[in-house]
Amino acid sequence: MAQDPSNETHFGFTQVPEAEKVRLVRQVFESVAPRYDLMNDLMSAGVHRLWKNAMVDWLDPRGAITVLDMAGGTGDIAFRIHDRAPQANILVADINAAMLDQGRSRAIDQTRLDRLSWICMNAESLPLPDRSVDAYTIAFGIRNVTHIDQALREAYRVLKPGGRFLCLEFSAVRNPVLAKAYDVYSFNLLPKIGDLVAKDADSYRYLVESIRRFPSQEDFAAMIREAGFGNVKYRDVSGGIAAMHSGWRI
């Protein structure tokens, strides 16, 4: 989709030209890629692993289905799907080549090469035929997309009738006390952890800001419906720190 160079969008809490956001997001993930998995464990005390398990449990992959795991980066979701459905064909896609390099290296180390393909692509313009995949998954990636509505339309386009969209993303914390504690942790401690471990406080500051800019559970569900999906539902995890959204191409 062509971008008007005069238009602006948000990069965290900063307004930037739309044409610049992809480059800026790419720089963030090129910087954090080598320590991305370690930082996920440190930032969530390992709880992100339970969230991803819950996502794949809800997907319940079976048989020789074709799955597009968008923003699949280091392979966390793809590996879980592979374990549950060894006959599945999984396209691990990411806009960032550095993240895919990390995933491929992990796949080699864990001898998980069968039925996994690693492809660099943009969620807003998928180089895939219409109605070509059975499931589309995306975990902690859609908030970094410039035009979320376009990414959702592309997800709908490539799904077969009866295909499933499933997204895991940070969301709106429900409990006011937890929300206050989460804000203190996010804005004060996470950038410091990023500085100490990944030598990059700014990238983790952006990641925190991008979480706060993401739509609420209800608003994101409405966007999924607007893209054409039916039977849209969501489930909070950890009090709404993250949420899973599901929709079907009916």
Side-chain angles (χ1 to χ4, degrees), residues 8-18 20-52 54-55 71 73-74 76-77 94-96 98-99 102 123 138-149 151 167-223 234-245:
E8 289 194 339
T9 188
H10 58 83
F11 177 73
F13 291 161
T14 304
Q15 291 297 114
V16 299
E18 284 189 352
E20 284 291 292
K21 181 167 181 177
V22 170
R23 180 184 64 81
L24 292 169
V25 170
R26 184 179 289 116
Q27 286 180 345
V28 166
F29 284 94
E30 284 175 353
S31 174
V32 304
R35 296 294 183 94
Y36 184 76
D37 294 312
L38 173 61
M39 282 297 298
N40 280 346
D41 281 333
L42 292 174
M43 290 189 301
S44 70
V47 175
H48 76 100
R49 297 173 182 265
L50 301 179
W51 298 340
K52 291 168 181 173
M55 179 185 185
T74 58
D76 271 1
I77 299 301
D94 204 294
I95 197 171
N96 192 285
M99 295 290 284
Q102 293 294 315
I138 182 166
F140 303 118
I142 203 162
R143 74 181 189 280
N144 297 306
V145 174
T146 303
H147 301 100
I148 294 173
D149 54 348
C167 175
L168 171 63
E169 187 53 87
F170 291 109
S171 201
V173 178
R174 305 293 194 172
N175 182 287
V177 175
L178 177 59
K180 185 174 182 180
Y182 183 49
D183 276 347
V184 171
Y185 171 70
S186 299
F187 287 103
N188 294 284
L189 292 181
L190 283 188
K192 292 179 180 177
I193 295 172
D195 187 33
L196 288 172
V197 177
K199 310 302 181 188
D200 188 349
D202 288 342
S203 289
Y204 282 91
R205 191 172 293 110
Y206 156 73
L207 293 174
V208 171
E209 292 174 359
S210 70
I211 291 168
R212 295 307 187 275
R213 291 297 302 258
F214 192 69
S216 69
Q217 289 89 324
E218 292 81 6
D219 288 345
F220 186 48
M223 293 177 71
Y234 67 84
R235 297 177 180 176
D236 285 345
V237 291
S238 298
I241 290 177
M244 301 182 292
H245 282 76

Locate the shortest heavy-atom distance separating [X] from [Y]; write the atom from each residue and the value.
| X | Y | result |
| --- | --- | --- |
| V173 | A179 | CG1-N, 3.7 Å |
| L168 | A242 | CD1-CB, 4.2 Å |
| I142 | I138 | N-CD1, 3.6 Å |

Can you measure from [atom1] ([X]) to [atom2] ([Y]) and round to the nearest 0.5 angstrom?
| X | Y | atom1 | atom2 | answer |
| --- | --- | --- | --- | --- |
| N175 | Y182 | CG | OH | 14.0 Å |
| S238 | L50 | OG | CG | 7.5 Å |
| C167 | M223 | SG | CE | 10.5 Å |
| N144 | L207 | CG | CG | 6.5 Å |
| Q102 | D94 | CD | CG | 11.5 Å |

For a 4.5 angstrom cut-off between non-hydrogen side-chain atoms, does [X] reach [Y]?
| X | Y | answer |
| --- | --- | --- |
| D183 | R212 | yes |
| F220 | R143 | no |
| I211 | S186 | no |

* Centroid-centroid under 6.0 Å between F170 and F214 rings ->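 No, ring centres 6.0 Å or more apart.
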* **No-hydrogen, no-angle side-chain donor-acceptor test under 3.5 Å, Q217 and S171** =>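 Their side chains do contain a donor-acceptor pair, which is all the 3.5 Å distance test asks for.
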* **Side-chain donor/acceptor of E169 to backbone N/O of A243, under 3.5 Å** => no
* Asked: Is a salt bridge present between R174 and E218, judged by a nitrogen-to-oxygen distance below 4.0 Å?
  ->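 Looking at E218 together with R174, the answer is yes, because their closest N to O distance falls below 4.0 Å.
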* Asked: Would D41 and R49 pass as an ion pair if we require N to O under 4.0 Å?
  ->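 So D41 pairs with R49 through a salt bridge.
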